[in-house]
Number of protein chains: 2
Amino acid sequence: MSRAEAAVETIQREMTVFARRARASAGRMHPELSLVSYTLLGHLEESGGCRATDLAAHYALDKSTVSRQVAALERAGLIERRLDPEDHRVQVLQLTEAGQEILGQVTLRRRAAVRERLVDFPEEDLVRFAAYLERYNAAPDGATDR
Amino acid sequence: MSRAEAAVETIQREMTVFARRARASAGRMHPELSLVSYTLLGHLEESGGCRATDLAAHYALDKSTVSRQVAALERAGLIERRLDPEDHRVQVLQLTEAGQEILGQVTLRRRAAVRERLVDFPEEDLVRFAAYLERYNAAPDGATDR
DNA sequence: ACTTCCCGTTGCAGAGTACAACTCGGTCCG
DNA sequence: CGGACCGAGTTGTACTCTGCAACGGGAAGT
């Protein structure tokens with residue numbers, strides 16, 4: 001196994017560890033907002049509103065899953081759906097004020113926790129780390145894997 | 001938000017994207033081995049055998065969850081449990097030959113897929129990327145987050 | 001108009017999890 | 001020894017997440 005392949009193995013494995021721990025801690029840190037919900041809210045904030053289908057594609061989730069998650073978030077008053085006037089099939093999802101509020105709080109808590117773990121990462125490494133991840137996820141597609 | 005904080009945000013977000021896609025593709029790429037099962041098998045291979053409790057701790061899973069997963073893997077003939085002669089409460093888990101076989105196949109398939117995505121990463125970046133992840137996961141603890 | 005396509009919802013079923021209660025072997029006093 | 005306590009694993013229960021398939025309704029092309 002080449003050096004590069006060993007690195008690839010490590011990347012896969014460590015990503016998985018990360019994911020499992022994230023899931024586990026999410027429940028403890030903010031019971032009112034599951035990891036999925038948090039992620040979706042974050043995406044809405046970042047994108048400034050999008051369609052359910054976009055969310056599904058981005059996170060490789062089934063549209064039915066997203067539909068239910070969205071319904072729950074709407075019931076909780078964290079997002080609202082607006083019918084796209086151009087195309088009545090489409091619902092544009094957007095954060096409500098309450099949603100922004102909650103999202104902001106949870107983000108602060110999470111960020112603090114992550115910062116704590118990353119305290120001895122020089123800023124330069126953080127930036128490079130983030131760039132690697134973005135580059136990985138942006139890669140050609142993903143129909144193959146991940 | 002400082003440059004470092006922005007990087008932290010990105011790291012969180014992209015890690016999540018990665019995790020979701022990994023889960024989704026696992027089902028398609030190797031239906032016979034869920035992402036969890038694959039991960040556990042991988043851990044057993046890497047560690048050369050360990051206890052169920054170790055798995056639970058490492059992946060922040062409940063011991064009951066691990067117990068069921070392990071039971072399934074054993075039923076499938078991929079691992080075996082040996083009673084620790086020193087302490088009869090303990091079961092040491094190890095890959096069977098069949099387990100090694102399957103794990104090897106799936107690993108090759110996954111690795112190929114990941115390689116494809118990482119094709120334009122210079123080896124040096126791969127190694128550094130892997131190192132970042134290990135460093136992150138090895139950080140003090142994780143009781144806080146992730 | 002008719003067909004086809006796309007967005008979203010709902011019924012259904014299965015996997016993954018957690019939590020709590022329990023069993024069993026070990027360890028540590030008294 | 002004997003009883004209290006601890007740690008590993010199992011099992012019962014309930015819930016969430018998720019995907020697939022079937023469906024309703026609007027939109028677009030012929």
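All heavy atoms count here, side chains included; hydrogens, waters and symmetry mates do not.
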remark   = Excluding B:Val90, membership of its hydrophobic cluster (Ile, Leu, Val, Met, Phe, Trp, Tyr; side-chain heavy atoms within less than 4.5 Å) reads B:Val92

Are any protein N/O atoms closer than 3.5 Å to N/O atoms in nucleotides 3-5 of chain D? If there are, list each pair with its distance.
none

query = Where along residues 50-61 of chain B does a heavy atom come under 4.0 Å from DNA chain C, residue by residue in number order?
reply = B:Ala60, B:Leu61

Who passes side chain to side chain contact (heavy atoms under 4.5 Å, CB included) against [X], sequence neighbours left out?
X        : value
A:Leu103 : A:Tyr38, A:Leu41, A:Glu45, A:Leu95, A:Thr107
A:Thr39  : A:Leu35, A:Tyr59, B:Thr16
B:Val127 : A:Arg3, A:Ala7, B:Glu123

Polar atoms only, N or O, under 3.5 Å: list the protein pairs with nucleotides 21-24 of chain D and their distances.
none

How would you list, by chain and number, every residue that makes a side-chain hydrogen bond (donor to acceptor under 3.5 Å, both in side chains) with [X], sequence neighbours excluded?
X        : answer
A:Gln100 : none
A:Arg135 : none
B:Arg82  : B:Gln94

Counting only pairs under 3.5 Å, give me each side-chain donor-acceptor contact of residues 60-67 of chain A, with atom names and distances, residues two or more places apart or in other chains.
unit_1: A:Asp62; atom_1: OD2; unit_2: A:Ser64; atom_2: N; d: 2.9
unit_1: A:Asp62; atom_1: OD2; unit_2: A:Ser64; atom_2: OG; d: 2.6

ask   = Does anything in residues 74-95 of chain A reach DNA chain D, meaning a heavy atom under 4.0 Å, and if so which residues?
value = A:Asp87, A:His88, A:Arg89

